[in-house]
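A quick note: this is a predicted structure, and the numbers were derived from the prediction, not measured. Numbering of ligands and ligand atoms starts at 1, following listing order.
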Amino acid sequence: MTRVTADVDPDDVPSNPSDNRHIRDVLSRRAVIVGGTVVAAAGFMTTPAAAHGKPGKPTKPAKKLLGFKAVAANTDDAVRVPEGYSAQVLIPWGTPLSSKGPKFKKDGSNTAAEQRQQIGAHHDGMHLFPLTGSSGLLAVNHEYIDTTLHYADGSATMTKEKVDKAVAGHGVSVVKVERNKKTGKWELKDSLFNRRVTADTPVKFSGPVKETHALLKATGSPKGTINNCSSGYTPWGTYVTCEENFNGYFGTDESFTPDAEQKRYGITAASGYNWHKSDARWDIAKNPNEANRFGWVVEIDPFNPLSTPVKRTALGRIKHEGATVTESKGRVVVYTGDDQDGEYVYKFVGDGAWRLRKLLGQSPLDHGTLYVAKFNDDGSGVWLPLEFGKGPLTKANGWKDQADVLIRTRTAADAVGATKLDRPEWVAVNPGNKDVYLTLTNGVGNGGKANPRTPNPYGHIIRWREKNGDNTALSFTWDVFVLAGDPAYDSAVNLGPDAIFGSPDGIGFDTDGRLWIQTDISNSSQTLPSRGYDNIGNCAMLAADPTTKEIKRFLTVPRGAEVTGLTFSADGRSLFVNVQHPGEASTAWGTPTPANPRAVSNWPDFDPAGRPRSATVVITKNDGGKIGT
Ligand code: FEO
Ligand code: CA
Ligand code: CA
């Protein structure tokens, strides 16, 4: 068996020095590595799991969920969908928000002012808010920019204009889209709803951390949202967008030593973007508290284009991957992963009925308790409160108040004894039985039954059932739903050729109960035999039956890209996904340059003088049926 090296993104190396238990110390290494049995065992925990039902049990009799023919793994520079399905490209990076707006320039020479009026770069989480008929407002995150592809001259000298164009490429787009009844295609429509939120848009703070807090006092008033990764939507019709790797935007050329809290969030003098060289806003030595204004969940009202985005501080400050909102007993519950190796998964439980809060003119996201998960090896788990004055979070231990706990969420979670995980990404809640699924994308191996493979280059999906199926409960039972990978490289993996995948990231249910899984294989691993990723091919989206565990590959994306973002039209007959970072530098395919931005991919335009760009893709079934049937 070829040894597979764990793949570690520079962004994702652990910065968690706490001695919270590595459960690998408990289990023998042999048991972990050899062990299909370890994984299987985790799925059949008896005590105390049986006390309140183990995850996976359906509430309705099973019906055949996956009706399509699987797409073969491949390395094509294309989007592939099953026979009988079609895919169309919608709103690629640079599309003007208005038909009268500035057109995309394929040589990368659009200005910052033009980018502010165009769709941003690197589409990620999204949600379609239905309007009438076959129209809706599509809110799309723009996670980051590729410095080589974003400009005509690539990463040559950073200027203020280039920083401004990058800042404008980040954030969120809200656009009206509609299905043309004649052509069957989705189109961007001119609309007063169309807007951009960028890393420069004025924002407000709400909840326990006020913008007047001493640690948020920085140059100018709070602006912008950044590294918007995944997202969620609330039952009251708003979009929640999540700030992930905010640390990477800060740097300095001054002499600088990060303090303990900066270190805990991965802030260093080196910046991947070098914005600080021409804009002191991003200089961590000159403007240190600017970094405390990021790492939050941000609420945007797509139906009010004049509304100010609000940072909902009660949900904590971490590298938020996403925010999956559900309801239980009239209360709002938000699950959110902190995507870095060795970090935690969190849950916010609203205080009182959310409808009553809304009636009182309050935000249900401003009132409640944040918890962090502890997974026990016996298949049980508990939610530990991050509340000032409770447990170790006391004045005697140096905690000032609840705002202090929330600004330093990671440190608070260390203190209460949360379980380290192999990079927690998206969370999905099964609409049928309320089981909760979490993708753990990959990692060096945090050990224990919750992280059953060391190292873990392919990741896995863990799931839990809250006590009595109540998502506000403070205890749960869990198992490993699937160990990702390729049996050719790891005999513990139980997946056939139509199902092998690695590095799960996006995840979500449709209304029929299909579980959709999207992968983000690092570009240092994609398609490489040395990484055990050759049979898996390009990144993919798969559908799974949560009861039978049948998994089938539904879609594959172009070279260098990940597939992310997941939303359906109201009738379930159009599926929207995002193809992010096609053509990014990758070990297998090479490195794009300003002279040849097409070195890896030229999707979706395939213009001989163009460049690859992220885009939304809409999938429909040719017979007009529901997706996945
Ligand atoms: Fe932005 Fe963890 O992916
Ligand atoms: Ca992601
Ligand atoms: Ca990822």
*Asp124: partners by side-chain hydrogen bond (donor to acceptor under 3.5 Å, both in side chains), with sequence neighbours left out*: Thr564, Gln580

*To the nearest 10°, what's the angle at the Ca ion (ligand 3) between atoms OD2 (Asp520) and OE2 (Glu425)?*
160°

*Measuring from atom 2 (Fe) of ligand 1, name the closest N, O or S atom belonging to Asp339.*
OD2

*Quiz item: cation-pi between Arg317 and Tyr265, 6.0 Å / 45°*: yes

*Is the gap between the ring centers of His127 and Tyr239 under 6.0 Å?*
no

*Which atom, among the N/O/S set of Asp505, is closest to the Ca ion (ligand 3)?*
OD2

*asked:* Only N/O/S atoms count here: what is the atom of Glu143 closest to atom 1 (Fe) of ligand 1 called?
replied: OE2

_Tyr249 and Trp275 aromatic centres sub-6.0 Å_ = yes

*Does Thr556 have any side-chain hydrogen bond (donor to acceptor under 3.5 Å, both in side chains) partners at least two apart in sequence or in another chain, and if so, which?*
Asn74

*How is the N/O/S atom of Glu321 that comes nearest to atom 2 (Fe) of ligand 1 named?*
OE1

*Test Trp464 against every option in Phe375, Trp478, Phe481 by the ring pair (Phe, Tyr, Trp, His ring centres under 6.0 Å) rule and name the one that passes.*
Phe375

_Apex atom 2 (Fe) of ligand 1; atoms Glu425 OE1 and Glu244 OE2; angle rounded to 10 degrees_ = 150°

*Does Asp339 bring an N, O or S atom to within less than 3.0 Å of the Ca ion (ligand 3)?*
no

